[in-house]
Protein chains: 2
Amino acid sequence: MAKIDDVARLAKVSKGTVSNVFSQKRRTSQEVTDRVMKVSRQLNYVPNHIARSLVTKKTMAIGLTIPHGNFFFSAFHNQFINGVILEAAYYGYRVLLDMIPVQKVKTPFLSSYPIDGAIVMSPAIDDERINLMHQGQIPFVTVGRVMNANINHTSSVDSDNLMIIYSICKYLIDKGHRNIMFLNANELMTVSIDRKAGFIKAMEDYHIELEEHMIHHKPAILSSEYMDYGYEETIRTLGKFEKKVTAIIADDDRTAFSVMNAIKDLELRVPEDVSLFVICGDLSMMYQSNPSLTSMDLQPSELGVQAVKMLMHKLDVLPGYFPENIWVESKIIERDSCSSIS
Amino acid sequence: MAKIDDVARLAKVSKGTVSNVFSQKRRTSQEVTDRVMKVSRQLNYVPNHIARSLVTKKTMAIGLTIPHGNFFFSAFHNQFINGVILEAAYYGYRVLLDMIPVQKVKTPFLSSYPIDGAIVMSPAIDDERINLMHQGQIPFVTVGRVMNANINHTSSVDSDNLMIIYSICKYLIDKGHRNIMFLNANELMTVSIDRKAGFIKAMEDYHIELEEHMIHHKPAILSSEYMDYGYEETIRTLGKFEKKVTAIIADDDRTAFSVMNAIKDLELRVPEDVSLFVICGDLSMMYQSNPSLTSMDLQPSELGVQAVKMLMHKLDVLPGYFPENIWVESKIIERDSCSSIS
DNA sequence: TTGTACGCGTTATCAT
DNA sequence: ATGATAACGCGTACAA
């Protein structure tokens, strides 16, 4: 593999000049530029990214940490990642997929992270990843609210989770539902806190008594119940316990499908017997399932784009003013899975 | 940020020793190790990954190139990526998500790729990415067969695509179907070649005349028809053209859902009027859609794992013998979307 | 264990 | 304004 000195020698210029030709940090005469480029092509030379990083202290990569060993992306993750990769590429950055807390990092082998910044997806309460970023001095933005002790000002992109659930409840209550079951995210995810609060507030505002079977939390990832989330809760609550639930709010598309399956097994129908509302989800799945699913569109791709922009701003790539927190709008998409009851 | 010299000075050892304490390449006495670690903690020192890479010539990252700007992963991509990340993490490698050919790289800014190797997903015919890897001397393995002029021996992990489609056709034909429509992958994907061949062979072996409406190819990504693939073809063929198709083979879960939607709009039913067979797909979706979908499980996660193992072998991380090509088994999962006709 | 020569560009400083 | 020179970044590895 040819190096800068080889090119310099053959092109009869100094290595500094070759460097400038490639980095464009200083102008070089057309004549010299051509000569250098020609020799470079001959030698198949490209600057060594590592050597460059060593001095510029930029790796041109950002980390994207996906939730602790969550092996199964939902449509939300999917679209979010797409947004991130595309927007990062726009600024010349690549994306390193990361799963920090899957296994404990062995200290002796720890080495500083070769990324310029990071995006932390779906923070948990006292999220270890965030402590690591923080103490490692790595600029980062989170997607979702941070709730770590001792960490106050963090940049984040988020949906207005409290309001989202509140709106969904209002939507269902306006349709006459008073017995709503909410399949929330995992308890440790900060998002679940705000959503739970929104649910409780809605129940209070509409004078509906809160019962235990109305809120469930997604089991821990990798637990045996994880894959069945939605199915079991529905069977148990509507079947065995005979609660008169008339509407179900599902955390994501996967959960929603589990719920539909349970409803089918209970010999009930959507939406005649039970209304089903999905938070986010795969567009084509939402539309093309039977019935099509009414959902709250969280705009995951836009969340990804905004997260990258915010990070680029922190890295001084993107100038201008940025607020500490950005909210991405979400809106209800009415389809056929929610009906009115009298 | 503290550097190795600072630690060396304070711990009263040479930098070489500090290096050894962290890299474990040579033993250091317990006493010295403790002293070095203590000072390192005080100074919050961690070895600089970039500087280390410069000399070891290893970045401990592999690239994963996902199909040209395919913004929407199917379940296959999803599970595949999961397999890759997990297996790579096992060997201490991180995964850089890559989308090389989305936009042309501007030559002057080109710099050598900071990865030790790469996994190329879903190669196309004369795939530019593979030419790049090849001339860039980057060890790589593909998932899917390579069909580039002048490139002969490449390591790859693959399913037996010809056999897969042949088996599916046999499965359907055994159920009495003789009018099968195949929604193939995009024409430029090498996988579509083998699958088409499998389809044609099956028709020949069972003496079924091949008609034009029986094979379709997924439109180019980003084309306006892309998102509608499956829907339009079904409506047109079964509706407008009134072809008596009794069974449809869909390329992936997304396509399958589009087909189901079209069938619904044509006021037909699955499987009573039309049988539907899906190649791979999201497990919970397959199971929980209505009816549950009979599918060919390609084991995408296992494909990812094998691809990483193969790459690790190429990088001399994993010893032993590896064949040039690995086939991952796939098998039919019978569910409720295919019925017999008399 | 220690000393020290690398690895490979970048960038400030100097010269033209 | 452009080109050349040399110091520098931060570890690793090998000889002493």
Side-chain angles (χ1 to χ4, degrees), chain A residues 1-37 39-40 43-61 92 108-116 136-137, chain B residues 1-37 39-40 43-61 92 108-116 136-137:
Chain A
M1 188 115 295
K3 27 196 176 182
I4 202 169
D5 294 286
D6 302 329
V7 177
R9 193 164 357 94
L10 270 174
K12 297 186 199 305
V13 293
S14 71
K15 42 194 290 200
T17 304
V18 177
S19 176
N20 282 324
V21 169
F22 278 92
S23 70
Q24 308 273 63
K25 298 247 170 157
R26 263 176 67 186
R27 278 206 52 72
T28 45
S29 69
Q30 187 61 45
E31 187 185 20
V32 169
T33 304
D34 290 346
R35 208 161 70 230
V36 168
M37 287 311 290
V39 173
S40 299
L43 299 183
N44 209 358
Y45 168 79
V46 278
N48 181 315
H49 192 272
I50 305 292
R52 175 179 281 178
S53 289
L54 184 60
V55 42
T56 60
K57 300 193 176 306
K58 287 187 189 312
T59 63
M60 299 309 281
F109 298 121
L110 188 70
S111 79
S112 75
Y113 253 58
I115 50 175
D116 297 336
Q137 312 266 28
Chain B
M1 189 116 293
K3 26 196 177 183
I4 201 168
D5 294 287
D6 302 329
V7 177
R9 194 166 355 95
L10 270 173
K12 298 187 197 305
V13 293
S14 70
K15 44 195 289 200
T17 303
V18 177
S19 176
N20 281 326
V21 168
F22 278 91
S23 71
Q24 309 273 61
K25 298 245 171 160
R26 247 181 295 287
R27 277 210 55 71
T28 44
S29 71
Q30 188 60 46
E31 187 186 20
V32 170
T33 305
D34 291 345
R35 207 161 70 231
V36 168
M37 286 312 289
V39 172
S40 298
L43 300 183
N44 208 359
Y45 168 79
V46 277
N48 182 315
H49 192 272
I50 306 293
R52 175 179 283 176
S53 289
L54 184 59
V55 42
T56 61
K57 300 193 177 307
K58 287 191 190 309
T59 62
M60 299 309 281
F109 299 123
L110 189 69
S111 80
S112 75
Y113 253 58
I115 50 175
D116 297 337
Q137 312 266 27

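Letters A, B, ... are given to chains in the order of the sequence lines, protein chains preceding strands, and every chain is numbered from 1.
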Run the side chain to side chain contact (heavy atoms under 4.5 Å, CB included) test against S14(A) and tell me which residues pass, sequence neighbours left out.
T17(A)
Taking every heavy atom of R35(B) against every heavy atom of A11(B), the minimum-distance pair comes out as NE-O, 2.9 Å
Start and end of chain A contact along DNA chain D [non-hydrogen atoms, under 4.0 Å]
dT2(D) to dC10(D)
Across all chains, not counting sequence neighbours, the side chain to side chain contact (heavy atoms under 4.5 Å, CB included) partners of I4(A) are K15(A), V18(A), S19(A), Y45(A)
Set of residues satisfying side-chain hydrogen bond (donor to acceptor under 3.5 Å, both in side chains) with respect to T59(A), sequence neighbours excluded:
D116(A)
Taking protein heavy atoms under 4.0 Å as touching, what does nucleotides 3-12 of chain C look like 5' to 3' if B marks base contact, S marks sugar-phosphate-only contact and - marks none?
-B--BBBBB-
Under the side chain to side chain contact (heavy atoms under 4.5 Å, CB included) test, residues paired with Q30(A) that sit two or more places apart:
D34(A)
Close side-chain approach of V21(A) to M37(A), heavy-atom, < 4.5 Å:
yes
Taking only residues two or more places apart in sequence, or in another chain, which ones meet D6(B) in a side-chain hydrogen bond (donor to acceptor under 3.5 Å, both in side chains)?
R9(B)
Which atom names give the shortest non-hydrogen contact between A61(A) and P114(A), and what distance separates them?
CB-O, 4.4 Å
Sorted by chain and residue number, the side-chain hydrogen bond (donor to acceptor under 3.5 Å, both in side chains) partners of N20(B) (sequence neighbours excluded) come out as none
Measure the angle between the two terminal helix axes of the helix from dT1(C)-dA16(D) to dT16(C)-dA1(D), five base pairs each, and quote it to 10°.
40°
Not counting sequence neighbours, which residues clear side-chain hydrogen bond (donor to acceptor under 3.5 Å, both in side chains) with S40(A)? List them please.
none
When all nucleic acid strands are considered with a 4.0 Å heavy-atom cut-off, which category describes S53(B): base, sugar-phosphate, or nothing?
nothing
